[in-house]
Amino acid sequence: MNIRRGDAIFLKAFAIWVSFIPIAILNGLIRERILVPMIGHRFALPLSGISCASLFFLLTYLALPWLGTLKVVQYRMIGLGWFVMTVLFGFLFGRLVAHKSWGELFQAYNILTGNLWLLVMAVIAVSPSIAARSRGLIE
């Protein structure tokens, strides 16, 4: 089977993004089962956001060479794609599987509650271009 380079990049970038899902789930389980009982929800929530963002950046940094050397605009598009897929996944999963209300879903974006999901989303969006630049993968 002959896959065009653009299609291969898309599939590889999608595979990297899919690997974010178990990281996010594990991060949430650790927060709820370990951190909340130890330090309370007030401190566990932002700590969990920082750890999730850090893990996503680390995964991006380690996996990016798999995509090869690309133009900076391609890395920015990958970050934007990951951002959009993460938002869609969060809302679709939250509504259809977890049966959460819209209000509950939007609470994840309220930094005043200590939830740093917006930080995580920003990291998802910019990680490909930052990691690529730091690894010398920009054409």
Hey, can you tell me if Y109 and F106 have their rings parallel, tilted or perpendicular (30° and 60° cut-offs)?
tilted
Apply side chain to side chain contact (heavy atoms under 4.5 Å, CB included) to residues W17 and F83 and explain how you reach the verdict.
CA-CA 9 Å; W17 176 81; F83 177 87; over 6 Å; no
Matching residue for F56 among T86, I23, N27 - test: side-chain contact (heavy atoms from CB on, under 4.5 Å)
I23
Give the C-alpha distance, both sets of side-chain angles, the deciding distance and a yes or no for side chain to side chain contact (heavy atoms under 4.5 Å, CB included) between N115 and Q107.
CA-CA 8 Å; N115 197 324; Q107 274 300 106; over 6 Å; no
Atom of [X], atom of [Y] and distance for their closest heavy-atom approach:
{"X": "L35", "Y": "A44", "value": "CB-CB, 3.7 Å"}
{"X": "P128", "Y": "A125", "value": "CD-O, 3.9 Å"}
{"X": "L96", "Y": "H99", "value": "O-CE1, 3.3 Å"}

Determine whether [X] and [Y] make a side-chain contact, defined as any pair of heavy atoms from C-beta on separated by less than 4.5 Å.
{"X": "V84", "Y": "V87", "result": "no"}
{"X": "R133", "Y": "Y75", "result": "no"}
{"X": "V18", "Y": "F14", "result": "yes"}
{"X": "I138", "Y": "T69", "result": "no"}
{"X": "L59", "Y": "L55", "result": "no"}

Examine distances only and state if a side-chain atom of K12 and a backbone atom of W66 form a donor-acceptor pair shorter than 3.5 Å.
yes
Would you say E32's side chain and L29's backbone share a donor-acceptor pair under 3.5 angstrom?
no
Going hydrophobic residue to hydrophobic residue with side-chain gaps under 4.5 angstrom, can you get from [X] over to [Y]?
{"X": "F57", "Y": "V120", "value": "no"}
{"X": "L118", "Y": "L80", "value": "yes"}
{"X": "F10", "Y": "L88", "value": "no"}
{"X": "I130", "Y": "I16", "value": "no"}
{"X": "Y61", "Y": "I78", "value": "no"}

Distance (rounded to the nearest 0.5 Å) between [X] [atom1] and [Y] [atom2]:
{"X": "R42", "Y": "T113", "atom1": "CZ", "atom2": "OG1", "result": "12.0 Å"}
{"X": "L47", "Y": "M38", "atom1": "CG", "atom2": "CE", "result": "9.5 Å"}
{"X": "L45", "Y": "I111", "atom1": "CG", "atom2": "CD1", "result": "12.0 Å"}
{"X": "F43", "Y": "S48", "atom1": "CZ", "atom2": "OG", "result": "15.0 Å"}
{"X": "I124", "Y": "F20", "atom1": "CD1", "atom2": "CZ", "result": "5.5 Å"}
{"X": "W82", "Y": "S127", "atom1": "CH2", "atom2": "OG", "result": "7.0 Å"}

Partner set under side-chain contact (heavy atoms from CB on, under 4.5 Å) for L105, not counting sequence neighbours
F91, R95, K100, W102
Going by side-chain contact (heavy atoms from CB on, under 4.5 Å), name the residues that satisfy it together with P46, two or more places apart in sequence or in a different chain.
L116
Just wondering, more than 12 heavy atoms not from M77 lying within 6.0 Å of its CE?
no
Using a 6.0 Å cut-off, check whether atom CZ of R135 has over 12 heavy atoms from anything other than its own residue.
yes
